[in-house]
Amino acid sequence: MAQVAVQSPVAFGMAIAANEFVVGEPVPVAALLTDQGEPVTGAQTHAVIVDPQGAETHLLLKDDGLNFDSTADDGVYSNLYIPPSEGDYLIRGTTSFVKNGITISREASKQIRVLPANIEFVSHTLNPIFSSQGCVIAFEQRFELDVKAAGDFAIHGYLTDGVSEVNASKRLQLTPAKQTVTLEYSKEDIFETFDATSTLAINPTIVFAISQNEIQIAAPRVQFDETIDLASFERCREPIEVSGPLKTTPIMSQDGTYIDSLTFEFPVYVTRDSTYTGSVNIVGAAGEYLDLISFQEQLVSGENIISFTVSGETFKKADGPYELNALLIYSGSDSYRQGVLGQTPPYKAADFSPPVNVTLPANLFGLERENWQAVPASTITTHRVGGYLRAGASVPYDYETLASFDLSKVRGEIKQATLIVDFGDSTLQFPFNNVSAHVVNQNWSPASVNYDSFCDSFTVCPAWSNPLTTFYYVDAGQTIEFSDSALLDVLNEKKASGLNKFDIVLTSTPYERSFFIGVKQVSLFIEY
């Protein structure tokens with residue numbers, strides 16, 4: 001038996017952001033209506049609010065972009081409701097519209113809790129604070145509060161340009177009375193976050209009552225109308241200020257294979273024309289000291305860009321990201337210090353060196369079941385693959401070649417790799433002339449390795465796992481190359497593990513003891 005559920009592409013739900021409000025606070029009653037994710041317009045949408053006494057209030061929800069509904073035809077139908085008393089309220093939304101001649105109806109609901117208002121806003125102002133020179137040094141948000149109940153409160157204010165936002169917070173004990181509370185936004189926060197020509201508005205201020213058991217909303221979230229036009233105020237600037245973030249640009253080598261140097265630049269504001277001298281430290285990701293960079297620039301009053309280039313030789317000493325810190329800029333009696341100027345992207349030390357191409361020959365070990373007495377296996381000078389299936393260890397005619405590579409002289413990340421196998425004479429016959437390569441992860445010693453080093457017992461030798469690749473239909477005297485991300489990944493894993501050793505075993509299964517193919521040489525071409 002089967003059950004099939006058909007889900008409608010029409011979605012309707014209440015879109016009320018908060019679960020708790022206070023008495024007298026406007027509740028934004030909104031519902032979102034979509035069809036296959038797209039807004040549905042022109043629907044008849046209503047809400048019924050049932051208060052704690054069971055009385056009903058009916059609201060028409062509109063999607064016209066007027067009053068509380070901020071955007072027309074976005075599928076959000078909305079209106080405002082002001083709860084008159086505390087308690088639990090049920091908001092039921094209904095909607096209907098015509099699609100392809102059929103009237104479609106939907107319902108949704110949401111419950112909210114309305115708490116008593118411990119605090120009410122009586123008045124509000126937002127004003128600049130000026131220095132003795134008449135320059136703005138901060139902005140103060142001043143609230144006159146009517147506190148109804150004593151308690152521990154936290155007040156959070158927000159200024160925004162419509163995209164970014166700064167906030168100020170204060171926690172304080174209040175007693176029942178008319179009281180004045182202020183929040184202050186520093187000049188540094190304002191001008192680091194907003195453009196100097198921005199107009200700032202006030203996002204709703206939030207007040208929480210904090211008790212031992214819970215934190216609850218304590219005052220209406222009111223949208224105040226005041227705005228601040230930053231362009232209308234004179235800003236007091238320091239004689240030297242770093243006025244923006246650090247920018248890093250890599251300069252590639254002529255052949256484009258490595259980073260030759262890094263160019264750094266950052267904006268600096270100064271109040272007078274002069275020659276400015278500076279220095280900054282460069283350290284690696286693990287805190288390694290790499291270099292002290294000094295610079296001297298002729299700057300003019302206003303905004304400037306300081307730029308300098310550091311050779312890639314500096315960054316070969318350690319991996320990044322590289323941090324520029326302990327910045328000092330001075331001219332005459334004016335000076336500026338900054339702990340951390342910024343960081344670069346996560347470059348590696350190897351990114352600053354030309355790629356190195358090497359071909360590593362493998363040490364070959366002949367693993368042959370019929371010569372299991374030979375220890376070490378390196379005494380077997382004939383390297384070949386073939387014979388019977390390894391897992392059938394009771395038949396002592398399995399020929400395998402173990403190839404071992406020393407990666408200890410490879411520095412940094414391996415960027416390209418090719419496995420090269422040169423085959424010799426062959427008695428393999430089609431279609432049983434495939435040769436497989438498996439990555440060997442077991443621990444073994446060249447001084448004592450033999451066939452049984454990779455067996456569970458004398459008579460039980462499991463098949464090789466960790467397949468790397470298979471060479472199909474190999475002929476005598478053929479040279480085959482293998483380049484693949486799987487090879488690159490396993491090589492870098494071996495490097496990262498600290499083993500600096502890469503081992504593979506070559507096998508073939510012609511199911512006949514006298515059928516095999518010789519392995520003349522195995523090598524590894526890598527670029528790092």
Side-chain angles (χ1 to χ4, degrees), residues 16-30 68 70 80-89 112-131 136-194 198-230 233:
I16 302 174
N19 295 319
E20 292 185 343
F21 297 85
V22 298
V23 174
E25 176 181 6
V27 176
V29 179
F68 176 74
S70 60
L80 288 179
Y81 171 72
I82 300 178
S85 61
E86 60 185 277
D88 293 331
Y89 289 71
I112 64 170
R113 172 161 292 181
V114 177
L115 306 171
N118 293 331
I119 292 177
E120 292 184 356
F121 291 99
V122 178
S123 65
H124 168 271
T125 58
L126 178 64
N127 294 304
I129 300 175
F130 296 102
S131 68
V136 66
I137 56 174
F139 290 94
E140 181 186 76
Q141 199 172 8
R142 182 178 292 269
F143 308 92
E144 185 181 354
L145 306 179
D146 186 359
V147 182
K148 307 291 186 180
D152 185 9
F153 298 93
I155 183 168
H156 304 272
Y158 306 87
L159 299 183
T160 179
D161 62 355
V163 178
S164 301
E165 184 180 77
V166 296
N167 64 79
S169 301
K170 183 177 288 186
R171 185 169 175 175
L172 62 171
Q173 296 281 340
L174 297 177
T175 56
K178 294 283 183 70
Q179 302 199 36
T180 298
V181 174
T182 60
L183 294 176
E184 188 171 297
Y185 304 86
S186 70
K187 174 190 69 175
E188 290 75 19
D189 287 345
I190 292 290
F191 289 102
E192 286 178 6
T193 306
F194 306 114
S198 298
T199 297
L200 304 185
I202 305 167
N203 278 342
T205 303
I206 301 176
V207 181
F208 292 107
I210 304 172
S211 66
Q212 185 175 1
N213 298 323
E214 59 184 348
I215 298 175
Q216 291 184 330
I217 190 75
R221 284 161 281 212
V222 180
Q223 181 73 53
F224 299 109
D225 295 331
E226 289 91 341
T227 60
I228 287 288
D229 183 8
L230 295 182
F233 299 101

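- With sequence neighbours left out, F139 forms a ring-ring contact (aromatic ring centres under 6.0 Å, His included) with F233.
- One distance of note links CD of Q173 with CD1 of I210; it measures 9.0 Å at 0.5 Å rounding.
- Residues meeting the side chain to side chain contact (heavy atoms under 4.5 Å, CB included) test with N127, sequence neighbours left out: T125.
- Nearest heavy-atom pair, D152 versus L172, reported as atom, atom and distance to 0.1 Å: OD1-O, 3.6 Å.
- Listed by chain and number, the residues in a side chain to side chain contact (heavy atoms under 4.5 Å, CB included) with Q212 amount to none (sequence neighbours excluded).
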Let's go through N19 and I112 carefully: what are the C-alpha distance in whole Å and the side-chain angles of both, what is the deciding distance for side chain to side chain contact (heavy atoms under 4.5 Å, CB included) to 0.1 Å, and is it a yes or a no?
CA-CA 5 Å; N19 295 319; I112 64 170; 5.6 Å; no
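- Of all non-hydrogen atoms in V207 and I217, the two that sit nearest each other are O-CD1, 3.5 Å.
- With sequence neighbours excluded, no residue forms a side-chain hydrogen bond (donor to acceptor under 3.5 Å, both in side chains) with S211.
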Chi angles and distances behind the side chain to side chain contact (heavy atoms under 4.5 Å, CB included) call for F194, L230:
CA-CA 9 Å; F194 306 114; L230 295 182; 4.0 Å; yes
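- The side-chain hydrogen bond (donor to acceptor under 3.5 Å, both in side chains) test applied to Q216 returns E214, not counting sequence neighbours.
- For the side-chain contact (heavy atoms from CB on, under 4.5 Å) with F143, the lone residue among T180, V222, I155 that qualifies is I155.
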Mind running side chain to side chain contact (heavy atoms under 4.5 Å, CB included) on F68 and V29 for me, showing each step along the way?
CA-CA 10 Å; F68 176 74; V29 179; over 6 Å; no
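- The CG atom of L126 sits 11.5 Å away from atom CZ of R142, with the distance rounded to the nearest 0.5 Å.
- The line from OG of S164 to CD1 of I190 is 11.0 Å long, rounded to the nearest 0.5 Å.
- Separating the CG atom in N167 from the NE2 atom in H156 is a distance of 8.5 Å, to the nearest 0.5 Å.
- Contact detail for V136 and P128: the closest heavy-atom pair is CG2-CB, 3.8 Å.
- Residues that satisfy the side-chain hydrogen bond (donor to acceptor under 3.5 Å, both in side chains) test with T182, not counting sequence neighbours, are absent from this structure.
- For the pair N118 and A209, the tightest heavy-atom approach, listed with the atom from each and the gap, is ND2-CB, 4.1 Å.
- Remark: A18 pairs with F21, R221 by the side chain to side chain contact (heavy atoms under 4.5 Å, CB included) rule, at least two apart or across chains.
- S131 is linked by a side chain to side chain contact (heavy atoms under 4.5 Å, CB included) to Q133, C135, I137, C236, counting only residues two or more places apart in sequence or in another chain.
- Taking the ring-ring contact (aromatic ring centres under 6.0 Å, His included) definition, one finds that Y81 meets it with nothing, sequence neighbours left out.
- Annotation: the span from E120 atom CD to E25 atom CD amounts to 11.5 Å, rounded to 0.5 Å.
- Of all heavy-atom pairs spanning P204 and Y158, the tightest one is O-CD1, 3.6 Å.
- Qualifying salt bridge (Lys or Arg N to Asp or Glu O under 4.0 Å) partners for D189, counting only residues two or more places apart in sequence or in other chains: none.
- Nearest heavy-atom pair across V23 and P116 is CG2-CA, 4.2 Å.
- For E226, the side-chain hydrogen bond (donor to acceptor under 3.5 Å, both in side chains) partners are H124, not counting sequence neighbours.
- Within the structure, the side chain to side chain donor-acceptor pair (under 3.5 Å) test picks out the following pairs touching residues 198-207 (sequence neighbours left out): E165-N203.
- Taken from OG1 in T193 to CG in L159, the straight-line distance is 10.0 Å, to the nearest 0.5 Å.
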